[in-house]
Amino acid sequence: MGLVVNRDDLAAWARERRAAGETIAFANGCFDILHVGHVRYLQAAAAEADRLVVAINDDASVERLKGAGRPVLSQDARAELVAALRCVDRVVLFPEPTVTELLLALKPDVHCKGTDYTVESVPERDIVLSYGGRTAIVGDPKDHSTRDLLRQIADAPPDTPAAAVQPSTPR
């Protein structure tokens with residue numbers, strides 16, 4: 001799990017990348033059950049800069065956001081899965097309710113959010129603007145969710161083929 005780093009190591013890595021003239025994109029989320037919407041979001045975020053950092057909510061913050069019984073996967077499992085994606089350069093866990101502290105520490109060139117936001121509705125938009133960064137809305141339409149996937153799995157008869165459980169996603 002060499003791509004999953006702590007904040008100090010992430011800051012040092014970011015300094016090295018900037019010294020090499022590279023730009024950094026930043027994306028964040030829970031990534032509880034990795035699905036195609038997550039992958040498309042992260043691929044689009046990676047296209048915004050030379051390198052991609054992904055911040056993942058730790059277990060306690062996911063429970064606060066999503067409720068009892070979540071996350072389904074531990075923070076370590078979620079971090080390892082996201083780090084395994086080719087488009088991801090570094091992963092860091094965070095316990096705070098927002099990524100403001102990480103944004104201020106890292107100062108990524110672009111803060112990427114999914115299509116359930118507009119640039120104006122991103123909570124950290126003013127923080128990003130304050131240090132000269134930009135906000136980008138990336139990914140495909142938000143028609144996939146872990147909640148819906150879990151509901152489909154729970155409602156499926158035991159002998160249901162996996163292909164029947166996966167939500168259809170238009171391209």
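This one's a predicted model, so the numbers in the text were calculated from it and none came from an experiment.
If you take OH on Tyr131 and CG on Asp109, they are separated by 8.0 Å, rounding to the nearest 0.5 Å. Interatomic distance, CZ of Phe26 versus CZ of Arg90, reported as 14.5 Å (0.5 Å rounding). In this structure, the separation between CZ on Arg125 and OH on Tyr117 is 14.5 Å, given to the nearest 0.5 Å. Here CG of Leu104 is found 10.0 Å from CD of Glu124. Values are rounded to the nearest 0.5 Å. Taken from CD in Glu48 to CD in Gln43, the straight-line distance is 13.5 Å, to the nearest 0.5 Å. To the nearest 0.5 angstrom, Ser61 atom OG is 10.5 Å from Ile56 atom CD1.
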Run His111 and Leu103 through side chain to side chain contact (heavy atoms under 4.5 Å, CB included) and show every step you take.
CA-CA 8 Å; His111 178 212; Leu103 289 170; 4.0 Å; yes

Just do the side chain to side chain contact (heavy atoms under 4.5 Å, CB included) check on Leu129 and Arg134 with the steps written out, would you?
CA-CA 6 Å; Leu129 287 172; Arg134 69 180 174 89; over 6 Å; no

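Between Val4 and Glu80, the closest side-chain pair of non-hydrogen atoms is not below 4.5 Å. The closest side-chain heavy-atom distance from Leu3 to Val82 is not below 4.5 Å. Here the side chains of Thr23 and Val110 are not in contact, with every heavy-atom distance at 4.5 Å or above. The side-chain heavy atoms of Asp89 and Val53, taken from C-beta on, include no pair separated by under 4.5 Å.
At least one donor-acceptor pair under 3.5 Å links the side chain of Tyr41 to the backbone N or O of Asn28. In this structure, the side chain of Asp58 does not engage the main chain of Gln75 through any donor-acceptor pair within 3.5 Å.
Linking Ile, Leu, Val, Met, Phe, Trp and Tyr whenever their side-chain heavy atoms come within less than 4.5 Å puts Ile24 and Leu10 in one cluster. There is a path of hydrophobic side-chain contacts, each under 4.5 Å, that joins Val88 to Val39. Cluster membership check: Leu93 shares its hydrophobic cluster with Leu81, using side-chain heavy-atom separations under 4.5 Å among Ile, Leu, Val, Met, Phe, Trp and Tyr. Grouping the Ile, Leu, Val, Met, Phe, Trp and Tyr side chains by contacts below 4.5 angstrom, directly or via other members, places Phe94 apart from Val122. When hydrophobic clusters are built by joining Ile, Leu, Val, Met, Phe, Trp and Tyr residues whose side-chain heavy atoms come closer than 4.5 Å, directly or via intermediates, Leu106 is grouped together with Val5.
Between Arg78 and Asp59 there is a salt bridge, since at least one side-chain N of the basic residue sits less than 4.0 Å from a carboxylate O of the acidic one. At a threshold of 4.0 Å, the pair Arg64-Glu96 does not count as salt-bridged, since none of the basic side-chain nitrogens sits closer than that to a carboxylate oxygen. By the 4.0 Å N-to-carboxylate-O rule, Arg51 lies close enough to Glu22 to be salt-bridged with it. In summary, Asp50 and Arg17 do not engage in a salt bridge, as defined by a charged side-chain N under 4.0 Å from a carboxylate O.
Closest of all the heavy-atom pairs between Ile127 and Ser130 is O-OG, 2.5 Å. Closest heavy-atom contact between Leu42 and Leu52: O-CD2, 3.5 Å. Of all the heavy atoms in Glu63 and Ala68, the pair that sits closest is OE2-CA, 4.1 Å. When every heavy atom of Leu65 is checked against every heavy atom of Cys30, the shortest pair comes out as CD1-SG, 4.1 Å. Scanning all heavy atoms of the two residues, the minimum distance from Val119 to Thr135 falls at CG2-O, 4.0 Å. Minimum interatomic distance between Val138 and Cys112 (heavy atoms only, all atoms of both residues): CG2-CB, 3.9 Å.
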